[in-house]
A.B. asks: 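Please find one structure pasted underneath; my questions will follow.
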Protein chains: 2
Amino acid sequence: MSFKLEQPVLAVDVVILRVRPPRLEALLLPRPDEPFRGALALPGVALRIEETLFEAARRTLREKAGWPGEAVQALYLEQLATFDALYRDPRGRTVSVAYLGLARSTPTLFPGGAWQAADAIPPGGLPFDHEEILAAAVARLRGKLRYTNIARVLLPPAFRIEELQAAYEAILGRAINRSNFRNKLLKLGLIEQERILLEAVGRQGGRPPHLYRFARARLEAEERDFL
Amino acid sequence: MSFKLEQPVLAVDVVILRVRPPRLEALLLPRPDEPFRGALALPGVALRIEETLFEAARRTLREKAGWPGEAVQALYLEQLATFDALYRDPRGRTVSVAYLGLARSTPTLFPGGAWQAADAIPPGGLPFDHEEILAAAVARLRGKLRYTNIARVLLPPAFRIEELQAAYEAILGRAINRSNFRNKLLKLGLIEQERILLEAVGRQGGRPPHLYRFARARLEAEERDFL
DNA sequence: GCAAAAGTGTTACCACTACACCCATGC
DNA sequence: GCATGGGTGTAGTGGTAACACTTTTGC
């Protein structure tokens, strides 16, 4: 490099969210080293000069969370924001680019990880500025839920409409009218009915539900005009 | 940095937008040094270890654009996103945190700056990845226009309603129905009428307009619920 | 009077809300 | 039958879109 300026360390922190109704959960890992050794925190790594931030976020999940490479490859991951308070890290000036990842609620993944209710972290419960990062991640997800089909990456390819509603309620943190939820998502063309009915496995009564899927495979935003 | 692992340079780039109907304009400055010497580009600086990114963005405007400190102090400025493509800078690995600034269209500011139509930059017209950064800035402004009172920082404290509509149209890049625009913003409580009528200076006919102001001084978002 | 700019009113339409009600299954 | 969960319909409400019309000025 031609520059010799003394510069901050560049790091990446990753917030992985999943939905397990009625909870919205975040992946936290016990820190193996000082500072805050043993405390639960967001996984993160220092950026290497030959990798992008996105690649560093994926590497975080492989190295720190022990997730297999293919699983990381399939994960939805987007840049969240960059956190740079001067004393956010007691070791010295560190600027961290946070990433938001969304995972399906598969029980086998992250067996060693601690999934915590994302909106019930006690104040002072996370080291560094990780509470702020986590709050930004939850806010981002809530915002995107309103005008995109992002919930697609949180649910299996086919699902009951009540599962979907439970996911929405867990993320937004409030109840939604059942009938209107259904009508709106169908009219928007966001989801559509599968042909088949769900097999009656593990159910204890009630009319068998249809299965639904998201109509569009890609992440899409419905632009709503201002006038 | 000799004692640390080799890391990218951390920089800040700033997009300043202003509205001059019918154009949305961005501040570009000729680069004083290589690479791309003489070409118009977004102003930027390398981050210093003792300053925050926000402070670095402000310093950029003082040092590169020559804007007086008080003017920078009053400017609306928010973090946009972080750009980190491996070869975005031919000098070597550089990660840049972009900031979006919004300025009132005061003719005296940035006399040496080149204000360019933000949506009419020819392809390949900007060095580095500055076209991508500029596009992200415009998209952010358009998005916030829909659900916040951010236009407040682009207009003088009191304005004619037609000025406001012209600003919205310049930013969104399309025409808006005059009557509905007025009704909606008033009903939302976003703007309110001043007491006085505008003096008839420099006008060539037509009914004299009222002056309006934004009802809330702070930046506010109107949360619209999903069901 | 006429053009220009500002402001008001009207109507049809559509989306949202809050319900009530019907359907299909297990027990 | 009855509880349970799934699915449908509807009436009231309120916002939106497109348009016509009135008011107040300069010339």
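Proteins get letters first, then strands, A, B, ... in listed order; numbering begins at 1 in each.
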A.B. asks: Taking 4.0 angstrom as the limit, do A:Asp13 and A:Lys64 come out as a salt bridge?
C.D. replies: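 Salt bridge absent between A:Asp13 and A:Lys64.
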
A.B. asks: Between protein and nucleic acid, restricted to nucleotides 9-13 of chain C and to nitrogen or oxygen atoms under 3.5 Å apart, what atom pairs and distances do you find?
C.D. replies:
unit_1, atom_1, unit_2, atom_2, d
C:dG9, O6, B:Ser179, OG, 2.7

A.B. asks: Who are the ring pair (Phe, Tyr, Trp, His ring centres under 6.0 Å) partners of A:Phe214, not counting sequence neighbours?
C.D. replies: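 For A:Phe214, the residues satisfying ring pair (Phe, Tyr, Trp, His ring centres under 6.0 Å) (neighbours in sequence not counted) are A:Phe159.
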
A.B. asks: To the nearest 10 degrees, what angle separates the axes at the start and end of the helix from C:dG1-D:dC27 to C:dC27-D:dG1, five pairs each?
C.D. replies: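 Answer rounded to 10°: the end axes differ by 20°.
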
A.B. asks: What residues, two or more places apart in sequence or in another chain, satisfy ring pair (Phe, Tyr, Trp, His ring centres under 6.0 Å) together with A:Phe83?
C.D. replies: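 Result, ring pair (Phe, Tyr, Trp, His ring centres under 6.0 Å) vs A:Phe83: none returned.
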
A.B. asks: Checking B:Phe128 now: which residues fulfil ring pair (Phe, Tyr, Trp, His ring centres under 6.0 Å) with it, not counting sequence neighbours?
C.D. replies: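 Testing B:Phe128 for ring pair (Phe, Tyr, Trp, His ring centres under 6.0 Å), a comparison that skips the adjacent residues, returns B:Phe36, B:His130.
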
A.B. asks: Grab the N/O contacts between the protein and nucleotides 21-23 of chain D below 3.5 Å, and write none if there aren't any.
C.D. replies:
unit_1, atom_1, unit_2, atom_2, d
D:dT23, O2, B:Arg207, NH1, 3.2

A.B. asks: Check residues 131-139 of chain B and write down every donor-acceptor pair under 3.5 Å in which the side-chain atom is one partner and the other belongs to a residue at least two apart or another chain.
C.D. replies:
unit_1, atom_1, unit_2, atom_2, d
B:Glu131, OE2, B:Gly124, N, 2.9
B:Glu131, OE2, B:Gly125, N, 3.0
B:Glu131, OE2, B:Leu126, N, 3.3

A.B. asks: Check side chain to side chain contact (heavy atoms under 4.5 Å, CB included) between B:Arg140 and all other residues, then give those that pass, not counting sequence neighbours.
C.D. replies: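 Result, side chain to side chain contact (heavy atoms under 4.5 Å, CB included) vs B:Arg140: B:Glu78, B:Leu80, B:Leu100, B:Lys144.
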
A.B. asks: Tell me every residue that passes side chain to side chain contact (heavy atoms under 4.5 Å, CB included) with A:Ala158, counting only those two or more places apart in sequence or in another chain.
C.D. replies: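 Expected list: A:Glu194, A:Leu211.
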
A.B. asks: Do A:Ile171 and A:Leu154 have side chains that approach each other closer than 4.5 Å (heavy atoms only, starting at C-beta)?
C.D. replies: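 Sidechains of A:Leu154 and A:Ile171: in contact.
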
A.B. asks: Please confirm whether the shortest side-chain N or O distance from B:His210 to OP1 or OP2 of C:dA6 is below 4.0 Å.
C.D. replies: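 No, B:His210 has no side-chain N/O under 4.0 Å of OP1/OP2 on C:dA6.
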
A.B. asks: Check whether any side-chain N or O of B:Lys184 sits under 4.0 Å from OP1 or OP2 of D:dG15, and answer yes or no.
C.D. replies: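 No, because none of the side-chain N or O atoms of B:Lys184 sits under 4.0 Å from OP1 or OP2 of D:dG15.
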
A.B. asks: Quick one: list whatever passes side chain to side chain contact (heavy atoms under 4.5 Å, CB included) with B:Ile161, sequence neighbours left out.
C.D. replies: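 Once residues adjacent in sequence are excluded, the partners of B:Ile161 under the side chain to side chain contact (heavy atoms under 4.5 Å, CB included) criterion are B:Arg182, B:Ile191, B:Tyr212.
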
A.B. asks: Please give me every residue in residues 161-168 of chain B whose heavy atoms get under 4.0 Å of an atom in DNA chain C, ordered by residue number.
C.D. replies: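 Those residues are B:Ile161, B:Glu162.
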
A.B. asks: What pairs with A:Glu169 under side chain to side chain contact (heavy atoms under 4.5 Å, CB included), at least two apart in sequence or on another chain?
C.D. replies: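 Partners of A:Glu169 under the side chain to side chain contact (heavy atoms under 4.5 Å, CB included) test: A:Gln165, A:Ala175, A:Ile176.
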
